[in-house]
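Only one structure is covered here, and it is reproduced in the block below.
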Amino acid sequence: MKKTIAAFLGLCCTVSVYAQNTGKLNVPAKPEQVISRHIYGHFAEHLGRSIYGGFYVGEDNTAIPNTNGVRNDVVDALKKLKIPNLRWPGGCFADTYHWKDGIGPKSERPTMVNTWWGGVTENNSFGTHDFLNMCELLDTEPYLAGNMGSGAVQELADWVQYVNFGGESPMSKLRQKNGREKPWAVKFWGIGNEAWGCGGNMTAEYYANEYRKYATFVSDWTNTGNLFRIASGANSADYNWTEVLMKNVPKNLIEGVALHHYSVIEWDKKGPSTTFSEQQYFTTMKRALFMEELIQKHSAIMDKYDPEKKIALVVDEWGGWYEVEPGTNPGFLYQQNTMRDAMIAGATLNIFNNHSDRVRMANLAQAINVLQSVILTEGDKMLLTPTYHVMEMYNVHQDAAWLPLTVKTEDYTLGSEKLPAVSGSASKDKNGLTHVSLVNIDANKAQEITIDIDGAKYKNVSGRILSSKKVQDFNSFDSPNSITPKAFKDAKLKGDKLTVKLPAFSVVVLELK
Ligand code: AHR
């Protein structure tokens, strides 16, 4: 047996014994719980270089290949990721956004100041048509966040009518005049964002009342009964917020309750994105794994009022949040993305998969050039981050049947503190293939796990791994492919036992047939 102890800064390596873990994979004949593909959703806010420079470079741009102003390289990369939904236009920006400013001839659109993010002038050249047409290009479902904070009920009701109504109405006529005959039939609607903070500093009780009014007028103009209204949810462990919403909002008015949780060390001491210490890494992972407790506790409250689990928990903002890259605008939230982010992504997606009975939608914050991005751009250059690769490896779980996988894990210890080192999740897809994703967050120790399989006989295992020499490693514009998934050979099947050797800070996704 062999164990690799990679010193945290990659300065030395010793060969010794793998730490031992065990697991149980249960494969029922007819697994029923589905891992909604919408757990793998993304987020695009008018923030920094997310929209302008990230997704959109303008129709007149001849230097960067684009389709109606949307970067072709980004479209290709996101299509490979199979992004199921995209949230827009915010975030905090959403509660300052007046959608009518972003329709009609671009030369006539009014400007506004983006007060939340850098105080820059927003020229509204990327508006409703641009976003919804881009979603068609990406083959993804739009998730529109409505303005409750500084908007009006009529304004949001009009937006729904504008994008969703196929008959004759003032808003559908306006849409047609602006060049779009057929409605887009948008299903996902957020009613405000972070109403407890940037969305209006409301109390839970006040928001619940306002929500009832807004949700009433966000009518189903598609006549499909398909509308999915998402209430602005709790800030991390604010359980009272969920309690008040669940108690005060009638069930016929709500389909989803949101939750926001960022893996931030401390809000006033976030630490650097690449040159972090092991203590900073450990604390980030502690915050990321706190998602498990958050989901358990918010779900328990939801279970009280909605035992049939009709209402989804929608984690529509999650991810790592660090200091911005030196020399960049502090209001633009631009950060690099290392193997630490790959660990956050893998461990968090395992948590979501394992709670897919209640967590049926989530949005990583954010897709491009903001916080924990899957894509970074610089002029005409584009790179895929370690987080991208984890999302791509995990997309085998989208809409697959969840399989219960329990892991008895060793601890990752630092000083007197400890965290579970290994986590996993599993599913069976429509073609009968089983996928097991495993993450070892331990910065120093490799881990071996032996999983007992119950209910299925597999003959073959193959897989891919994402790993690197140092947990601080990242893909740069000079070296965009330093970290990419590789074929994985350290998984062995013997009868009903699967044994996997996971290097320190690695993500592995296996396919069993
Ligand atoms: O994702 C960045 C910001 O974080 C969002 O605008 C806001 O909703 C949250 O506080």
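For ligands, and for the atoms within them, numbers begin at 1 and follow the listed sequence.
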Using a 4.0 Å cutoff against the non-hydrogen atoms of Cys92, which atoms of ligand 1 qualify? 5 (C), 6 (O), 7 (C), 8 (O)
For ligand 1, which atoms, with element, lie under 4.0 Å from some heavy atom of Phe43? 1 (O)
The residue among Phe332, Trp88, Phe55 that forms ring pair (Phe, Tyr, Trp, His ring centres under 6.0 Å) with His46 is Trp88
Going by the side chain to side chain contact (heavy atoms under 4.5 Å, CB included) test, name the single residue among Tyr97, Trp116, Phe93 that passes it with Glu45. Phe93
Check Met291, His260, His261 against Trp318 for a side chain to side chain contact (heavy atoms under 4.5 Å, CB included) and give me the one that passes. Met291
For the side-chain hydrogen bond (donor to acceptor under 3.5 Å, both in side chains) test, which of Lys310, Arg229, Arg360 pairs with Glu255? Arg229
Examine distances only and state if a side-chain atom of Thr328 and a backbone atom of Val324 form a donor-acceptor pair shorter than 3.5 Å. no
Counting each atom of ligand 1 from 1 as listed, which ones have a heavy atom of Leu371 under 4.0 Å away? 1 (O), 2 (C)
Report yes or no: does Trp321 have a heavy atom closer than 4.0 Å to ligand 1? yes
Does the side chain to side chain contact (heavy atoms under 4.5 Å, CB included) test come out yes or no for Phe126 and Met134, once each step is laid out? CA-CA 10 Å; Phe126 189 87; Met134 180 176 88; 3.9 Å; yes
Backbone N or O of Ser263 within a donor-acceptor pair of the Thr284 side chain at under 3.5 Å? no
With a cut-off of 4.0 Å, which atoms of ligand 1 are near a heavy atom of Gln366? 1 (O), 2 (C)
Any idea which part of Trp117 is under 4.0 Å from ligand 1, heavy-atom wise: side chain, backbone, both or neither? side chain
Do NZ/NE/NH1/NH2 and the carboxylate oxygens of Glu122 and Arg109 come within less than 4.0 Å? no
Show me which atoms of ligand 1 lie under 4.0 Å from any heavy atom of Glu194. 7 (C), 8 (O), 9 (C), 10 (O)
Output the list of atoms in ligand 1 that are nearer than 4.0 Å to some heavy atom of Asn193, sorted by atom number. 8 (O)
Proximity of Tyr262 to ligand 1 by residue part, where a heavy atom lies under 4.0 Å: side chain
In ligand 1, the atoms that come under 4.0 Å of a heavy atom of Glu317 are 1 (O), 3 (C), 4 (O), 5 (C), 7 (C), 8 (O), 9 (C)
Considering distance alone, does some N or O of His260 sit under 3.5 Å from an N or O of ligand 1? no
